[in-house]
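I have placed the structure first, in the form of structure tokens, so that the comments after it can refer back to it.
Just so you know, these numbers use all the heavy atoms, side chains as well, and skip hydrogens, waters and symmetry mates.
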Amino acid sequence: MWQEIIVALIVAAALVHFSTKYLPVSLRRRIVYTLGKRGFDEVKLARFFKTQGGGCGDDGGGCSSCGSCDTTPSKSNTSTPQHRVIKLHVQR
């Protein structure tokens, strides 16, 4: 009896972890919207499901926290090339 309840809790936790990390953003937004219509707090759900974008307006407002929209990006050292060299080691 207790084993079945514990297994069910573990499976439910794994499902929640999968849905917050590996589902596409569009499906996570749909989950947040659907649960928000049923009475849950959409802001907390959006934070839990990580549906905020990476740019401006993460908190639902404007550019209040990141400050990236206020400044222009400065070019760092332009004399060095900006590409990576990938070394391949052939094993035979």
Side-chain angles (χ1 to χ4, degrees):
M1 168 80 179
W2 286 103
Q3 292 174 345
E4 294 168 353
I5 293 173
I6 292 172
V7 169
L9 289 174
I10 291 172
V11 170
L15 180 65
V16 168
H17 175 72
F18 172 80
S19 65
T20 59
K21 189 167 185 171
Y22 296 111
L23 281 180
V25 176
S26 61
L27 287 176
R28 288 185 276 162
R29 285 184 182 155
R30 188 178 301 163
I31 291 170
V32 169
Y33 177 73
T34 303
L35 291 175
K37 285 179 70 175
R38 295 180 189 239
F40 292 97
D41 187 15
E42 283 191 45
V43 175
K44 289 182 182 178
L45 286 171
R47 194 175 309 129
F48 181 73
F49 280 99
K50 301 174 186 85
T51 57
Q52 291 93 356
C56 298
D58 285 346
D59 57 352
C63 294
S64 60
S65 61
C66 66
S68 65
C69 297
D70 296 336
T71 60
T72 58
S74 63
K75 291 186 179 181
S76 59
N77 192 359
T78 58
S79 63
T80 61
Q82 297 295 326
H83 57 84
R84 291 180 15 180
V85 176
I86 300 174
K87 294 180 181 180
L88 300 176
H89 301 281
V90 179
Q91 295 180 351
R92 296 179 192 198

Write down the atom of Ile31, the atom of Leu23, and the distance for their closest heavy-atom approach. CD1-CD1, 3.9 Å
Minimal heavy-atom distance between His17 and Tyr22, with the atoms involved, is NE2-CE1, 4.4 Å
How many angstroms lie between [atom1] in [X] and [atom2] in [Y], if you round to the nearest 0.5 Å?
| X | Y | atom1 | atom2 | value |
| --- | --- | --- | --- | --- |
| Ile5 | Ile10 | CD1 | CD1 | 12.5 Å |
| Thr34 | Glu42 | OG1 | CD | 9.5 Å |
| Leu35 | Lys44 | CG | NZ | 14.5 Å |
| Ile6 | Glu4 | CD1 | CD | 10.5 Å |

hydrophobic_cluster_shared for [Y] and [X], side chain cutoff 4.5 Å:
| X | Y | answer |
| --- | --- | --- |
| Ile86 | Val90 | no |
| Leu45 | Val43 | no |
| Tyr33 | Val25 | no |

Whether the side chain of Arg28 engages the backbone of Phe49 through a donor-acceptor N/O pair (distance < 3.5 Å, no angle test) should be reported. yes
Side-chain contact test, heavy atoms from C-beta onward, threshold under 4.5 Å: evaluate it for Val16 versus Phe48 and give yes or no. yes
Do other residues, nucleotides or ligands put more than 12 heavy atoms under 6.0 Å from Lys21 NZ? no
